[in-house]
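Just below is one structure, and these are the notes that go with it.
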Amino acid sequence: RIKEVLVRAGIAGRYLAHQEGLPKLPVPPLQQTCEYYLAALTPIVDPEELNHTRKLLEEFQKPGGVGERLQKGLEQRTKKMENWLSDWWLQTAYLDYRMPVVVHSSPGVVLPRMEFSDRQGQMRYAAKLIAGVLDFKSMIDNETLPVEYLGGKPLCMNQYYQVLSSCRIPGTKRDTVVNYTLVKRPPTHITVVHNFQFFVLDVYNSDGTPLTIDQIYIQLEKIWNSSLQTNKEPIGILTSNHRNSWGKAYNNLIKDKTNKESVRAIQKSIFTVCLDAPMPRVSDDMYRTCAGVQMLHGGGSRWNSGNRWFDKTLQFIIGEDGTCGLIYEHAPAEGPPIVSLIDHVVEYMKKSEMVRTPMVPLRMPQKLRFHITPDIKKDIEEAKQNMNIMAHDLDMKVSVFSHFGKDFPKSQKMSPDAFIQMALQLAYYRIYKRCCPTYESASLRMFRLGRTDTIRSTSIDSDKFVKAMDDPAKHNTEKVALLDKAVKAHRAYTDMAIRGQAIDRHLLGLKLQAIEDLAALPEIFMDTSYAVVLHFNLSTSQVPAKTNCVMCFGPVVPDGYGVCYNPMDTHINFAVSAFNSCQDTNAARLAQALEDALLDIKTLLEQTPKAKL
């Protein structure tokens, strides 16, 4: 027992020592941010607007002026805090955001399609998956999770400690996140939902060892057989509503003791497994797109949208028809830790087999009860209607670009990510004849408690390249030179961003510092340019994985696109989303334009003799 305590203490020391060794997130120099801000505006606002902003920035930067005062405030904040940005970011980007988490915030992941011939196949897969996640959890608990590196620098591992046994809690004005990992007796159960009915499944024996795959399978069978009714109220659909409405409904729901205990059991669970009913059959070329939709929102109230608790950080989705994946609530973590969990689980499932274990009778998993009053019934109906409007509005295209993967850009000595981003710039320009503000997320995990900053893919150089690409007056050698310059500029800005030197979070920090100081909001933040530069018509993310999966998320503006991609060696998985309610956007059209752009750039490079160095 003492040895165990010492081991735990030693282990805790290892994680803390690693975290404390990480540098703090810096505050970039004010002048640098102002210069790069003007450069970022150049391709997207008109010259008049740009001139106006230039004057405001000169005023803002005057010695002894507003900018300097706010900059000093941020520098002071750095001294007092582990990370000057992370609390602010969690609040602003997630917890204060009042749109539904479904589509607008929570990303989905589509896993490779499984061939289940029957529901036993679905159960076996679910049992292995649960065991795989518990195996990953043991690495988190024992702190044997290998530290990740980026460009030779160790990364912050904190997000791994936030994704299990955690949940978002709605509020009428802002939400909170609870994490039960660090309580005296951490949770030992997961929740399983089938036909809209929630169950508590204990996944550890009394001696602390996890159940075997075989035991989990037996328990899942019991759950399945005691939830065959398909007419139950989909209580989970409440979590898909607008956050203020859900906040009000939540307070009403948990007035009842039984309901409160049931909700608490879901919130405390290590993670949730959703055993989904089959979706309508579709052709093979539509399969991935429909799977993406099922991961993002469940297909609407008559399909699987009620078979979720969208506030839960981690929900694995296993469809009776072999459609598998997950959805995660974005507040506690970014994509990479989730993907690394997936990669581990997929590998684990390959090597693990069902082992017959001694038949120790296991307790019947407990069904969670809900008392549904007329008020709650009304809230459920409202949530269903809103969910169905959202489901109808999401325009999605998941595709596999099979002509090449990371291999081709690498053969051209180009960064694959920058190459894909330039193709996306070209695709957008070809459709709209203009450049737009583009967001690509960059990891700040080189720093303690780091989250993300923005890589602005639309640059002065990308603008020049996309305009030249289809200009018959330009020679190929010139186009290649412009492409090369644009790719290098993207790579350079990416490097700045991961070193904490990008502009977006710094500008946000200066704005929030002014609000915190109860000072007048500086004019640069009331300027039209600032609104334009934050209206991301393209919101993009590269989420690389070893597993042949793809992540998907919704657009961040009504007339925008969400684009996520996983570049593999010889192909690229893409997910493009838009809203049907916007006449000007179309996910399939952008996906096609992107495919054409990638091929056209490849052709350009292959047809143009290399300039002699």
* To do: Assess the side chains of Y565 and Q421: does a donor N or O sit below 3.5 Å from an acceptor N or O?
  => yes
* To do: Scan side-chain atoms only and decide if H490 and E440 contain a donor-acceptor pair under the 3.5 Å cut-off.
  => yes
* Does any donor atom in the side chain of E334 or Q159 lie under 3.5 Å from an acceptor atom in the other side chain? -> yes
* Between Q425 and S457, is any side-chain donor less than 3.5 angstrom from a side-chain acceptor? -> no
* Indicate whether the side chain of D393 and that of S581 have a donor and an acceptor atom separated by less than 3.5 Å. => yes
* Separation of L507 CG from L70 CG (nearest 0.5 Å) -> 11.5 Å
* Hey, does the Lys NZ or Arg CZ of R589 hover above the aromatic six-ring of Y432, less than 6.0 Å from the centre and inside 45° of the axis? -> yes
* To do: State, without any angle test, whether T477 and T608 hold a side-chain donor-acceptor pair at a distance under 3.5 Å.
  => no
* **Polar contact flag, side-chain donor to acceptor under 3.5 angstrom, W89-N83** => no
* Asked: Looking at residues at least two apart in the chain, or sitting in another chain, which of them share a ring pair (Phe, Tyr, Trp, His ring centres under 6.0 Å) with F401?
  -> H403, F404
* Are R288 and S399 close enough that a side-chain donor and a side-chain acceptor fall under 3.5 Å? -> no
* Pair T33, H506: side-chain N/O donor-acceptor within cut-off below 3.5 Å -> yes
* So Y493 and Y36, would you call those rings parallel, tilted or perpendicular, with 30° and 60° as cut-offs? -> tilted
* Flag for T540-Y561: side-chain donor and acceptor within less than 3.5 Å -> no
* Asked: Do Q91 and D87 have side-chain N/O donor and acceptor atoms under 3.5 Å apart?
  -> no
